[in-house]
Each structure stands twice: as structure tokens, then as C-alpha cells.
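Right, one structure below, let's go through it.
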There are 2 protein chains.
Amino acid sequence: MPDRLDGRRIPEATVARLPLYYRALNETAERDIETVSSEQLADLAGVNAAKVRKDLSYLGSYGTRGVGYAVEFLLAVISRELGLTQDWPVVIVGIGNLGQALANYGGFGARGFQVSALVDADPAKHGEKVGGLAVDPIESLADLVAMRGIRIGVIATPAAAAQDVTDQLVDAGISSILNFAPAIVSVPEGVSLRKVDLATELQILSYYQAERKSRRRVGKFTPDVQLQATTAKTS
Amino acid sequence: MPDRLDGRRIPEATVARLPLYYRALNETAERDIETVSSEQLADLAGVNAAKVRKDLSYLGSYGTRGVGYAVEFLLAVISRELGLTQDWPVVIVGIGNLGQALANYGGFGARGFQVSALVDADPAKHGEKVGGLAVDPIESLADLVAMRGIRIGVIATPAAAAQDVTDQLVDAGISSILNFAPAIVSVPEGVSLRKVDLATELQILSYYQAERKSRRRVGKFTPDVQLQATTAKTS
DNA sequence: CCGCGCTAGTGCACTTGTTCACAAAGTATT
DNA sequence: AATACTTTGTGAACAAGTGCACTAGCGCGG
Ligand SMILES: NC(=O)c1ccc[n+]([C@@H]2O[C@H](COP(=O)([O-])OP(=O)(O)OC[C@H]3O[C@@H](n4cnc5c(N)ncnc54)[C@H](O)[C@@H]3O)[C@@H](O)[C@H]2O)c1
Ligand SMILES: NC(=O)c1ccc[n+]([C@@H]2O[C@H](COP(=O)([O-])OP(=O)(O)OC[C@H]3O[C@@H](n4cnc5c(N)ncnc54)[C@H](O)[C@@H]3O)[C@@H](O)[C@H]2O)c1
């Protein structure tokens with residue numbers, strides 16, 4: 001393994017694509033393919049080749065001209081860069097519809113993440129087993145986080161509770177949060193926050209759907225490619 | 001209602017934020033507040049005021065200087081722009097863990113979207129009721145889509161089936177797809193595609209988590225704000 | 001009717017991200 | 001060893017997005 005080339009700032013857009021390359025490379029490795037060109041990788045990841053090369057160049061110069069990239073090696077480089085060489089324990093807050101689906105979800109743990117605690121405010125849920133793990137009261141959040149070394153929290157509570165839950169997670173020592181509730185929450189400096197918002201996604205689709213239907217007549221072309229851009233903070 | 005000001009191209013980044021304003025305005029309207037300033041709206045939506053003003057200016061000049069924006073009016077403008085004045089029927093493909101959570105999800109229908117069909121390839125699931133709707137075989141997809149006027153499809157199948165399901169959705173006449181499966185799928189021109197990818201989100205969090213932990217020492221600052229950017233196509 | 005205070009709308013500079021196109025650097029072939 | 005071919009790595013042009021800072025316009029109080 002090469003040393004991580006520090007002092008290099010990896011652009012956010014690149015960081016967001018590394019997981020795609022990572023997945024594509026894993027699939028390639030499973031097919032016992034040893035090298036990939038930027039073009040092949042681009043196809044698998046759904047981007048263009050120039051972008052792949054530029055992105056990978058931020059990690060260092062690990063390709064071989066005339067040949068391509070060594071799959072296993074590149075996987076190791078990206079794993080390291082993404083921090084996937086260790087396992088990240090995760091706590092899920094709010095074990096309702098969505099929380100249960102997440103807790104039962106196998107692919108969650110598949111790549112370096114492990115559901116290590118489930119908490120809910122509803123006493124009726126306490127002790128219930130979901131995906132082999134018992135649901136604990138929200139009051140024990142801090143203890144669970146501390147004892148199990150959890151750094152990442154997933155919020156699957158109703159929107160109204162999201163900010164409160166966020167504060168509790170932060171107080172408990174969590175520094176990365178993935179929020180599924182349709183609410184804007186704020187976090188103190190040093191905490192990363194990302195969100196997944198179903199309604200927003202559907203509404204964006206609706207916009208382009210409506211555009212195709214009713215705005216066609218104005219003779220304006222529709223864009224070939226859209227970039228989804230929701231905000232996340234490390235404040 | 002003002003006429004939609006056609007011939008105006010709304011930037012993608014703005015389209016992606018309109019749903020946030022829409023939600024914030026709804027919450028404001030529920031509190032019987034009649035006007036909001038760009039600053040207030042910015043707070044509620046988690047962006048900055050200049051951005052709000054610029055975004056809204058793409059829709060037309062609907063604010064009043066010295067006062068702000070009329071909440072109900074702006075809601076109407078944004079609804080119209082996002083195509084939310086009509087109800088969009090939606091089909092969910094793959095009624096497993098996630099598909100069931102989605103089907104049971106109330107907030108789905110809350111804002112103009114309605115789960116109108118559930119299909120799955122597994123015969124054992126056929127006829128089963130989820131969220132008050134029966135699961136139908138994937139073979140009847142085309143009929144269901146045609147009969148119920150469905151334009152939007154949600155993919156909640158395993159990744160391996162995602163491309164196949166996408167093709168079937170497109171053949172059935174769907175032109176907007178939201179994909180939850182961790183797979184890159186391609187769609188023909190004229191079809192919008194967006195994706196929600198849990199693993200990617202977690203890995204991005206992991207990157208910044210690891211960065212805080214181990215890269216601090218190189219004396220590079222961490223960014224205050226990150227922009228999540230996953231790709232979607234209307235090809 | 002005037003002037004003050006407030007806030008929308010926007011030009012402009014800046015930052016970030018994307019893409020092209022080509023030199024550099026490797027492999028394969030003869 | 002020389003040449004042909006392939007593919008990386010990157011400078012530079014371009015495109016998109018952001019945010020400041022200022023102007024224009026409205027409401028209100030006197
Ligand atoms: N269900 C879905 O498919 C889906 C999809 C996208 C987004 N969402 C969002 O995810 C969130 C959860 O959705 P759901 O369908 O699972 O809702 P749900 O009502 O089924 O579950 C919410 C759970 O959170 C718990 N809870 C409430 N307040 C809490 C608190 N303060 N602390 C801890 N736990 C608390 C409740 O006891 C309940 O178990 C909602 O914000 C929803 O909008 C859901
Ligand atoms: N469960 C989660 O919380 C979660 C979270 C994020 C992403 N995902 C992704 O969502 C997808 C579904 O996850 P899940 O946990 O619900 O899986 P699951 O195995 O519980 O459900 C998958 C369903 O799809 C059906 N299916 C399989 N092939 C099909 C086909 N060709 N046509 C129609 N239906 C088909 C299966 O019969 C099954 O009912 C997966 O790709 C997963 O990676 C799941």
C-alpha cells in the first residue's frame with residue numbers, strides 16, 4: 001500500500017464519486033478481471049472517462065499508461081481513502097417502517113458498516129428484536145454510543161423529532177449523521193450531515209416530467225444530464 | 001395565478017432546491033404566516049438568502065421589496081413549476097423490505113404522489129396486501145401502468161434486477177424512475193432517472209469521518225459545507 | 001408628500017466542477 | 001531497436017454554481 005498522499009485536497013464532487021468506482025471495482029474484481037481502463041470503469045460507474053482519470057489522479061498516480069488500473073490495488077487505495085479499512089458501527093434512531101427496513105437490510109453491513117444499536121422513543125418497541133438486535137430506549141443512546149464506539153447515526157424518526165434526535169446524537173458523541181426525515185436539521189461544527197429525501201427526489205422527477213409534457217412546445221431543449229444536488233454540512 | 005414564464009431555463013441546482021422551499025413554505029403556511037423574507041426562508045430551508053432570492057427570481061418576480069414573499073402565492077407558483085398541481089400515480093417494483101416500507105409510508109402520498117401499483121417477481125407475494133394495495137405480478141406491469149396512467153416508477157429490487165426492471169418500466173411507458181438499488185442503470189433518451197444510494201451516502205460520511213480523525217495533523221482545514229452530488233439522467 | 005427603513009432583484013467576481021485534447025509513458029510487434 | 005498502438009495524467013478552456021454588494025422599489029410614519 002502506498003502512503004496516503006496528504007496535503008492533497010480531494011474535491012467534494014470526487015469524494016461523492018469514489019463510492020461508485022469502489023462498487024464498480026468490486027464487481028470487476030469478482031469477475032476475476034485484473035485491470036480496467038478508465039473507459040471501462042467509466043462505463044461501469046456511469047460517468048465519463050476523463051472524469052474517472054481526473055478523479056483517480058487526486059488519489060495519486062496509480063494507473064499504468066497503455067494498460068489501465070490494477071483492480072485490486074485501486075480498490076485498496078479507494079478503501080483507504082474512504083476509510084473503509086475499518087468497520088463502522090452505526091446506530092439507527094426510530095425503528096418504524098423505515099428504521100426496520102434499514103435494520104433488516106443485509107447490504108448495510110456488506111461494505112464496512114454494521115448496525116450496532118437500535119433506539120426508539122416508544123416504550124412499546126423496547127426489547128423487540130429487529131434484524132437480530134434489540135431495540136433500546138432513546139435514553140440509553142449515550143451509553144450505547146460510548147460502549148460500542150459508534151460514530152455514525154441514522155435518523156429514521158418523524159420530521160418533527162429530527163432536530164431533537166440530532167442534538168441527542170451529537171451530545172452522545174456521534175459525528176456523522178444520515179438523515180432520512182424530511183426536515184432541515186442543523187449540527188455544530190465538526191459534525192457531518194447528509195440527508196436522503198424521498199419527497200424531494202420525487203418532486204425533482206415531477207419537475208422534469210411536467211417539463212417534458214408541457215414545456216415542449218416552447219421549443220426549448222431538455223437537458224441531457226441533470227445533477228442531483230442536495231446539501232450536506234460539515235459545520 | 002401568473003402564467004408560467006416560459007423560455008426560462010431553470011438551473012438544475014435551483015430545481016433541486018425548490019422542493020426545500022416548498023416544504024418550508026408549507027410549514028410556514030400552517031403557522032398562518034402570510035409573508036416571508038428571503039432571509040427567513042433561507043433559514044428554514046438551510047441555505048443562504050442570496051441563493052433563495054436568485055432561485056426564486058428564475059420563477060419570476062414574485063416578491064415585494066421591503067416586505068418579502070406572499071407565502072400562499074409562492075406556494076402556488078412553486079407547485080405549478082414542480083408539476084405538483086396534479087397527482088402523480090407511482091408504481092413500486094420489488095416489494096421486499098424497502099418496497100414494503102415505501103408502500104406503507106404515509107408521507108409518500110402526502111404531497112401529490114400516490115402509490116398506485118405494487119409489483120414483484122415473486123409469486124409468493126402476489127395478492128398480498130401492503131398498505132392497502134395488492135401486490136401484482138411483474139408481468140402485469142404494462143397493463144397497470146397504462147390503465148392507471150402511471151408515469152413514475154420506483155425500483156426497490158436487488159441490484160442484479162435493476163437494469164432489467166428499468167427496461168420493463170420504460171417499455172411499459174414510464175418516463176421517470178427513482179432507483180434505490182445500488183446499481184448503475186441506463187435509460188433511453190426522454191426518461192429521467194434519479195437514484196438514492198445508502199451505501200454511497202455512508203461511504204461519503206466515512207470519508208469525512210476518517211479525514212477528521214487522521215488527516216487533521218497535516219494542518220489542512222476541513223470544508224464548512226459539502227455538496228452532495230450524485231448523478232441522474234434525462235437521456 | 002417626503003424620507004427612512006427594509007428587502008427583492010441582479011451584475012459581477014469568484015469558486016467549483018466538467019470536458020477536451022494532447023503529450024508522456026507505457027506495452028506489443030516486428 | 002525502432003515503430004505502432006494504447007491509455008494515463010493533466011493543462012487549459014469552458015460551464016455551472018455561489019455569494020457579495022449594490023441598486024431599485026415598496027411600505028409606512030410623520
Ligand atoms: N417509510 C418510508 O418508506 C420512508 C421513506 C422516506 C422517508 N421516510 C421518513 O423517515 C422517517 C420515518 O418514517 P417511518 O415510515 O419509519 O415512520 P414511523 O412512524 O413508522 O416510525 C417512526 C419511529 O420513530 C420513533 N420515534 C418518534 N419520535 C422519536 C424520538 N424523539 N426519538 C426516537 N424515536 C422516535 C417512533 O416511535 C417510530 O417507531 C419519517 O421522517 C419519514 O418521513 C420514510
Ligand atoms: N432495505 C433497505 O433498507 C434498503 C436500503 C437502501 C437500499 N436498499 C436497496 O433496495 C433494494 C431492495 O432492498 P430490500 O431490502 O427490500 O430487498 P428484498 O430482498 O427484501 O426485496 C427485494 C424484492 O424484489 C423482488 N424482486 C426481485 N427481482 C425482481 C424482479 N426482477 N422484478 C420484480 N421484483 C423483483 C423480490 O421478490 C423481493 O420481494 C436492494 O437493491 C437494496 O440494496 C435497501
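Every chain is numbered from 1, with letters handed out A, B, ... down the list of sequences.
- Between the CG atom of A/Leu18 and the C1' atom of C/dG17 there is a distance of 15 Å, rounded to whole Å.
- What separates CG of A/Asp55 from P of D/dT10 is a distance of 13 Å, to the nearest Å.
- Heavy-atom nearest nucleotides on DNA chain C were determined for B/Gly68 and for A/Lys54, and the one closer to the 5' end corresponds to B/Gly68.
- Atom-to-atom, NZ of A/Lys51 to P of C/dG17 comes out at 11 Å; the value is rounded to the nearest Å.
- With D/dG19, D/dT8, C/dG17 as the candidates, the nucleotide lying closest to the side chain of A/Ala13 is C/dG17.
- Computed from coordinates, the A/Leu56 CG to C/dG17 P distance equals 16 Å when rounded to whole Å.
- The phosphate of C/dT7 (OP1 or OP2) has no side-chain N or O of B/Ser37 nearer than 4.0 angstrom.
- Listed nucleotides: D/dC26, C/dT18, D/dG9. Nearest to the side chain of B/Thr64: D/dC26.
- Taking atom OH of A/Tyr62 as the reference point, atom P of C/dA25 lies 18 Å away to the nearest angstrom.
- Checking B/Asp167 against B/Gln163 by side-chain atom types alone, a donor-acceptor pair falls below 3.5 Å.
- Residues A/Thr157 and A/Gly94 come closest through the heavy atom pair CG2-CA, 3.8 Å.
- Taking only side-chain nitrogens and oxygens, A/Tyr58 never comes nearer than 4.0 Å to OP1 or OP2 of C/dG17.
- Counting all heavy atoms, side chain and backbone alike, B/Ala183 lies closest to A/Arg23 at N-NH2, 3.9 Å.
- Between B/Tyr69 and B/Tyr62, the distance separating the two ring centers is not shorter than 6.0 angstrom.
- Distance, B/Asn48 CG to C/dT7 P: 16 Å, rounded to whole Å.
- Contacts of A/Gly66 with the nucleic acid, taken as non-hydrogen atoms under 4.0 Å apart, include base atoms.
- Rounded to a whole Å, the CZ atom of B/Arg53 is 16 Å from the P atom of D/dG25.
- Within 6.0 Å of CD in B/Gln86 there are more than 12 heavy atoms belonging to other residues, nucleotides or ligands.
- For A/Arg65 against D/dT7, no side-chain N or O and base N or O form a donor-acceptor pair under 3.5 Å.
- Rounded to an integer number of Å, the gap from CD of A/Glu12 to C1' of C/dG17 is 11 Å.
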